[in-house]
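To keep things clear, I will list the structure first and then write my remarks on it.
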Amino acid sequence: MSRHIAAAAIRASHKIVAEAEDALNKAIAEKGEGYKFEWPDTAFYLPHIFGMTGIKIETLGQMREGLDYARGMLTPEPAENAYLPYLGETLDAGQATLFAEEILLAARTVTGLEPVVDAETGLTYNGFITDTILRNLGIQLVDGSMPGFAVIIGKAPSEDVAVEICRDLQQRNILTFLCGDGIDSDNVAKQLMRKGVELGWDARLVPLGPNPYHALYAANWACRGALTFGGKKGGDALSVLKYNKDRVFAFAMVMGPMNDLIWATGAGAITYGFPAICDTEVPEIRPTGVCTYEHVVSQTDHKKLVDTCIETRGLKIITTKVPVPVAYGPAFEGERIRKEDTLFEFGGTKSPSFEWIRTKEMEEVEDGKIELIASDETLKKIEAAKPGTPMLLPLGLIVEVAGRKMNPDFEPVIERKLHDYINCAQGIWHMGQRDVNWMRISNNAFSEGFRIKHLGDVMLTMIKAKFPAIVDKVQVKLYLEDAQVKEIQEDARKVYKERNERVAKMTDESVDVFYSCLLCQSFAPNHVCVISPERLGLCGAYNWLDARAANEIDPTGPNQPVLKGDCTDPVKGRWKGVDSYVWQNSHQSLEGFSAYSIMDAPMTSCGCFECIVALVPEANGFMIVNRGFTGMTPIGMKFSTLAGTVGGGTQTPGFGGIGKYFITSKKFLSADGGFKRIVWMPKSLKEALREDLIRRSEEEGVPGFLDMICDETIAEESDGMMEHLTKTGHPALSMESIL
Ligand code: SF4
Ligand code: ZN
């Protein structure tokens with residue numbers, strides 16, 4: 001350990017503790033000791049401090065306690081030439097720094113100084129990262145589509161380098177947070193802004209703040225990963241830190257000169273197992289003796305910087321090179337293309353349009369062929385397209401696939417992915433599916449050389465890369481003539497309808513095999529999802545067909561067939577085969593579970609649930625709240641708080657995480673009274689499921705049920721809800737007691 005670094009980190013830890021105390025005193029002077037503080041949408045108080053100590057800080061006064069902890073970890077400031085070999089002391093200084101930074105940021109939020117707005121550019125930094133974002137990104141972090149996250153501190157040597165590095169990170173789908181170094185008023189976020197690069201969650205480039213201490217927002221977010229997905233308890237510092245070191249692939253990239261506070265914050269990050277890679281000459285800390293992993297690495301060649309980061313932290317990047325003349329990667333998925341920027345537009349009720357995957361015989365498909373099918377006149381018109389002269393076109397997009405293991409049941413699984421594949425191309429925007437799709441190709445994409453034919457290249461490449469075990473050959477047909485598109489659209493519609501009916505007819509009884517999903521075990525080691533035709537995975541991303549396709553594609557992967565075996569309880573949904581699978585794969589922590597009950601041995605929850613169901617005893621029913629709804633619910637807990645109690649792969653009778661579409665399944669908590677027990681859900685969720693909820697209420701013989709379900713616009717507390725239920729004659733009130 002270099003003396004210089006250790007001394008710098010210790011010096012800065014003293015300074016930041018003093019700064020935090022100062023900010024806290026100011027906040028207390030303004031609002032008083034009893035002032036309640038919480039960051040928006042989190043169930044974890046001041047998350048870093050809670051994760052490390054278990055202390056639940058809810059008021060300004062209690063923040064003093066957190067600060068005492070920080071002070072306790074400080075070591076005396078070293079004399080100028082003191083001998084300082086101690087890693088331990090530097091790491092303590094790092095932790096003290098993170099504690100102080102969290103209090104500093106909380107106090108600054110109270111006094112209106114956070115989140116920071118940049119006076120010069122108007123840039124509003126993100127500041128605190130909510131629990132909802134953690135859960136929204138959960139699946140991507142779990143399945144490897146987002147291999148990790150980066151925190152960039154400082155400023156690149158030029159705007160072009162800043163753009164190049166961030167584009168590189170985007171293409172590899174790494175989530176990137178941006179902070180300034182606190183000394184230079186310029187930073188990477190502002191450099192990108194000046195180059196017109198889109199910032200924000202959709203672009204996966206998120207400016208946290210202008211100071212190194214704003215990196216704490218990334219650390220206390222990572223800390224919540226361990227509490228949310230890993231089932232770690234607040235106060236179990238070592239397991240929280242170890243969890244991050246083993247499972248969260250994060251790193252810091254420091255650009256430009258180092259300063260004391262960066263060293264100190266970096267020392268804090270190192271306790272989480274997150275290394276720092278610097279673009280300047282710095283004393284490196286590589287694994288030797290006490291350090292078992294990389295801490296500080298220097299890479300002065302900007303062309304190699306991203307690669308060095310990835311190697312140092314051991315990120316596993318799976319990228320497919322798509323042969324198109326624009327950038328390609330999930331970071332461009334959320335990009336919107338405005339009308340004024342559009343050159344080619346298809347569908348969206350403005351022109352006939354559809355997309356359709358069809359299974360063909362091997363000899364019917366010429367692998368790699370892409371055809372534009374239209375009259376010479378139309379093709380000429382398209383060839384003569386010029387940026388600035390928008391063109392509305394019909395589009396029939398047919399992808400024909402053949403493969404020895406291809407099965408028409410997989411068609412919708414692949415078809416649903418087209419949306420992601422197309423959207424990943426920069427300058428191309430896609431919405432909807434089937435015959436309600438809508439697509440735009442921007443002027444910019446066209447100027448960079450993107451042509452309609454390239455849509456074919458995107459699909460060919462991605463389908464072959466993602467489904468190698470079931471797809472051997474792919475060809476793409478792009479129909480661009482109105483009459484022809486309309487004609488084939490009719491055939492496609494027949495198939496869409498048949499598929500709907502086939503899936504709707506499938507029941508849990510009609511199959512012998514369910515599928516497991518163990519993807520989330522990388523975060524929640526004992527969590528098992530069992531996916532049946534009538535119950536999808538709780539993240540909403542996998543239904544039975546998806547899981548089956550995934551198993552065909554990767555037979556040793558996380559989705560395994562689970563033979564149901566003898567049914568031991570048809571009402572609760574228990575089978576011998578399922579129970580023994582769960583026992584083995586939960587590492588003997590669960591004896592099994594009930595697919596149709598939440599009261600008796602319910603399925604476990606990892607943390608990425610779309611919705612949470614919770615018992616409301618006084619109403620003799622259940623409420624459901626979806627991720628993203630930040631308001632209060634009648635049981636007095638917000639989604640974030642509830643989520644904190646059901647995650648981590650544990651069984652919590654009365655509570656459970658579910659996929660949104662399970663709500664309208666006939667098996668929805670059918671052992672506990674089912675659909676008619678729903679007493680409350682947010683309005684937005686009601687609206688999203690409207691048609692299916694109406695269909696289900698008719699099936700259950702309670703027409704008008706939708707209006708009996710209370711929502712936050714009627715009441716968000718218990719009394720008001722009960723009044724509404726009584727007034728509307730909600731069936732749950734007269735059902736058999738649930739307890
Ligand atoms: Fe995780 Fe279950 Fe979704 Fe699989 S189905 S990704 S285990 S939540
Ligand atoms: Zn999960």
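Indexing begins at 1, ligand by ligand and atom by atom, following the structure's order. These figures come from a predicted structure and were not determined experimentally. The first residue of the sequence shown is numbered 1, and numbering continues consecutively from there.
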Report all side-chain donor-acceptor pairs from residues 127-135 shorter than 3.5 Å, counting only partners two or more places apart or in another chain.
unit_1	atom_1	unit_2	atom_2	d
T130	OG1	I133	N	3.3
D131	OD1	T42	OG1	2.9
D131	OD1	R224	NH1	2.8
D131	OD2	T42	OG1	3.4
D131	OD2	A43	N	2.9
T132	OG1	D41	OD2	2.4
R135	NH1	G607	O	2.9

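- Here C520 fails the criterion, with no N, O or S atom under 2.8 Å of atom 3 (Fe) of ligand 1.
- Applying the 4.0 Å criterion to heavy atoms of C517 picks out, from ligand 1, the atoms 4 (Fe), 5 (S), 6 (S), 7 (S).
- For ligand 1, the atoms lying closer than 4.0 Å to a non-hydrogen atom of L538 are 8 (S).
- Backbone or side-chain N, O or S atoms of C608 do not reach atom 2 (Fe) of ligand 1 at under 2.8 Å.
- Residue pairs satisfying the side chain to side chain donor-acceptor pair (under 3.5 Å) criterion with at least one member in residues 599-611, sequence neighbours excluded, are listed as follows: H527-T604, K572-D600.
- When each of D579, D508, D566, D569 is checked for a salt bridge (Lys or Arg N to Asp or Glu O under 4.0 Å) with R574, only D579 meets the rule.
- Using a 4.0 Å cut-off to heavy atoms of G537, the atoms of ligand 1 that qualify are 5 (S).
- Nearest approach of F609 to R627, heavy atoms of both residues: O-NH1, 3.4 Å.
- Only side-chain heavy atoms of C606 come within less than 4.0 Å of ligand 1; its backbone N, CA, C and O stay farther off.
- Residues L208 and F177 approach most closely at CD1-CB, 3.6 Å, considering heavy atoms.
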